[in-house]
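Inspection log for the structure reproduced underneath, given as structure tokens.
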Amino acid sequence: MKTCKLSELGEFGLIDRIAAHAGSSESVITGIGDDAAVTALSLGMQLLTSTDMLLENVHFRRSWHDPYRLGRKSLAVSISDIAAMGGIPRWALLSLAIPNDLPLDFLDEFTRGFLSMAEEHHVALIGGDTCSSKSGLIISVTIMGEQLPERIILRSGARAGDEIWVTGTLGDAALCLSLLESGSGSAQTPAQPQPAALLQPAGSFLNGVEGKDCLVRRLLDPTPRAAIGRALAETGLASAMIDISDGLLADFEHIATVSDVGGILHLEKIPLSTTFNDAAKNFPSFPYHLALSGGEDYELAFTAPVANHEKICSLMKKCGIQSTPVGIVTSSPGVVVITSNGDKYQHDLHGFNHFS
Ligand code: ADP
Ligand code: MG
């Protein structure tokens with residue numbers, strides 16, 4: 001992309017610049033450039049729609065988050081919402097409020113990252129909105145997906161006796177964030193240099209921790225579990241599902257509340273990465289709270305009848321994703337965490353909440 005300034009390019013120049021790389025898809029009849037996009041739903045499918053905002057200094061910091069991975073994450077968090085319904089992600093709208101002094105290079109890299117995530121998941125960028133911002137970069141992504149009505153997995157389907165499962169490992173993103181917030185490391189990789197003034201000093205906290213790049217990736221470039229979500233929908237194995245964006249406890253509580261059930265989670269069953277276990281040695285006490293209440297894992301939590309256990313294991317093996325049963329749905333309300341000696345784990349249950 002030829003570089004000039006945002007002020008020279010203007011709103012429509014920037015839209016053209018984004019549109020030039022947006023690609024096309026058979027389901028998009030009219031994409032970027034008209035008053036509304038026209039898309040074709042597949043036969044018999046229902047539309048799934050979700051929207052998310054990412055605000056500078058609330059959800060991301062420009063000093064930690066390189067623009068390419070910020071672009072990827074902006075779409076990944078929305079794909080994760082479609083995955084959590086068992087849907088197939090299809091179309092996205094990208095709205096940007098941009099500070100006047102944001103370098104055009106930043107926007108080019110952001111767009112490149114956004115579109116790389118879009119391509120990986122066969123999502124077409126079909127429109128958006130572009131304006132200036134007086135207080136930081138604001139990114140808003142609306143995603144649409146589709147699925148047959150009988151396959152859509154809601155939060156409300158959990159039943160007493162169902163197993164509670166989670167994909168992948170929990171807490172890596174929150175661990176990385178806590179290290180960065182304590183000034184203990186740098187999220188920059190040598191491949192993506194940033195002006196020296198923006199770099200955080202690479203502290204000693206992550207030094208000697210094997211796989212620290214993996215921690216950084218979990219926070220800055222999460223992988224939405226789209227294939228798993230869809231596979232669970234197509235096989236009908238799960239009874240309820242949610243993506244873990246605010247921490248397992250808070251997110252499972254949402255399932256429990258709308259399903260009118262409760263749950264018991266076993267602390268020793270919570271899947272942790274080797275890197276997490278390694279880094280945990282540097283904490284005064286084992287940081288279970290990061291795995292239970294730390295946000296931004298973008299793994300899936302789902303419930304399923306015990307009878308489906310073996311089938312779920314085979315499905316996960318086929319998808320190449322670790323999946324772990326971590327507890328049981330109960331008929332009595334409330335979500336409790338039990339330690340290996342049967343005691344109640346005392347925790348501060350709340351995940352991230354913007355207004356508390
Ligand atoms: P309107 O005046 O109807 O709001 P705009 O001038 O904002 O239309 O947008 C023109 C076209 O460009 C529309 O198709 C819109 O969806 C698309 N568009 C605007 N901003 C973006 C963006 N950031 N990314 C992708 N498409 C965009
Ligand atoms: Mg507009």
Side-chain angles (χ1 to χ4, degrees), residues 1-41 47-62 65-82 87-146 220-222 224 226:
M1 290 179 184
K2 188 175 162 289
T3 311
C4 58
K5 277 197 178 138
L6 191 52
S7 55
E8 291 163 24
L9 204 58
E11 177 187 341
F12 299 106
L14 180 62
I15 295 173
D16 287 347
R17 206 168 167 97
I18 295 172
H21 299 269
S24 63
S25 154
E26 232 174 72
S27 64
V28 180
I29 295 146
T30 303
I32 296 173
D34 214 312
D35 292 307
V38 185
T39 52
L41 274 175
L47 186 65
L48 301 161
T49 310
S50 171
T51 196
D52 273 299
M53 294 178 82
L54 278 93
L55 276 67
E56 185 170 352
N57 298 329
V58 176
H59 299 96
F60 67 93
R61 292 193 207 173
R62 262 195 274 158
H65 223 135
D66 59 87
Y68 180 79
R69 288 190 289 194
L70 181 62
R72 287 180 59 80
K73 184 169 178 175
S74 301
L75 182 56
V77 302
S78 293
I79 292 176
S80 179
D81 282 327
I82 298 295
I88 308 162
R90 292 277 194 224
W91 311 286
L93 298 160
L94 168 64
S95 296
L96 297 168
I98 306 167
N100 283 344
D101 60 354
L102 193 77
L104 198 53
D105 279 351
F106 186 102
L107 289 168
D108 285 344
E109 277 301 283
F110 174 89
T111 305
R112 203 168 65 79
F114 186 95
L115 293 175
S116 75
M117 180 59 66
E119 198 181 327
E120 279 166 32
H121 289 273
H122 310 289
V123 170
L125 177 62
I126 56 168
D129 200 21
T130 305
C131 54
S132 62
S133 165
K134 294 207 186 311
S135 56
L137 176 62
I138 300 169
I139 302 156
S140 166
V141 176
T142 299
I143 192 156
M144 283 157 283
E146 56 180 6
L220 300 191
D221 191 10

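Order of listing sets the numbers, starting from 1, for every ligand and every atom in it.
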Ignoring hydrogens and angles, tell me if any N or O in the side chain of Ser132 forms a donor-acceptor pair with the backbone of Ile98 under 3.5 Å.
no
Checking side-chain contact (heavy atoms from CB on, under 4.5 Å) against His65, which of Arg69, Arg61, Arg62 comes through?
Arg69
Leu96-ligand 1 polar pair, N/O distance under 3.5 Å
no
For a quick test of reading the model, state the closest non-hydrogen atom pair linking Pro89 to Ile79 and the distance between them.
CG-CG2, 4.1 Å
Which is closest to atom 12 (O) of ligand 1 by heavy-atom distance: Ile139, Ile15, Val141?
Ile15
To the nearest 0.5 Å, what is the distance between CG (Asp66) and CZ (Phe110)?
11.5 Å
Identity of the nearest option to atom 14 (O) of ligand 1, non-hydrogen atoms only, from Gly127, Gly33, Ser95:
Gly33
Under the rule for side-chain hydrogen bond (donor to acceptor under 3.5 Å, both in side chains), what residues qualify as partners of Ser50, not counting sequence neighbours?
Asp81
Please list, in number order, the atoms of ligand 1 under 4.0 Å from a heavy atom of Asp129.
7 (O), 19 (C), 20 (N), 21 (C), 23 (N)
Apply the test side-chain contact (heavy atoms from CB on, under 4.5 Å) to residues Lys73 and Leu220: give CA-CA distance (whole Å), side-chain angles for both, the deciding distance (0.1 Å), then the verdict.
CA-CA 7 Å; Lys73 184 169 178 175; Leu220 300 191; 5.8 Å; no
So if I count the atoms of ligand 1 from 1 in the order they appear, which ones are less than 4.0 Å from some heavy atom of Ile32?
12 (O), 14 (O), 17 (C), 25 (C), 26 (N)
What distance do Leu75 atom CG and Ser116 atom OG have between them, rounded to the nearest 0.5 Å?
9.0 Å
Phe12 neighbourhood, listing ligand 1 atoms whose heavy-atom distance to it stays under 4.0 Å:
6 (O)
Mark up the atoms of ligand 1 that fall under 4.0 Å of a heavy atom belonging to Asp35, in ascending order.
3 (O)
Tell me which one of Ile126, Thr111, Leu125, Asp34 gets a heavy atom nearest to atom 13 (C) of ligand 1.
Asp34
Indicate, as side chain, backbone, both or neither, the part of Ile18 found under 4.0 angstrom from ligand 1 when only non-hydrogen atoms are considered.
side chain
Need the ligand 1 atom indices (1-based, order shown) with element for anything under 4.0 Å from a heavy-atom of Thr130.
19 (C), 20 (N), 21 (C), 22 (C), 23 (N)
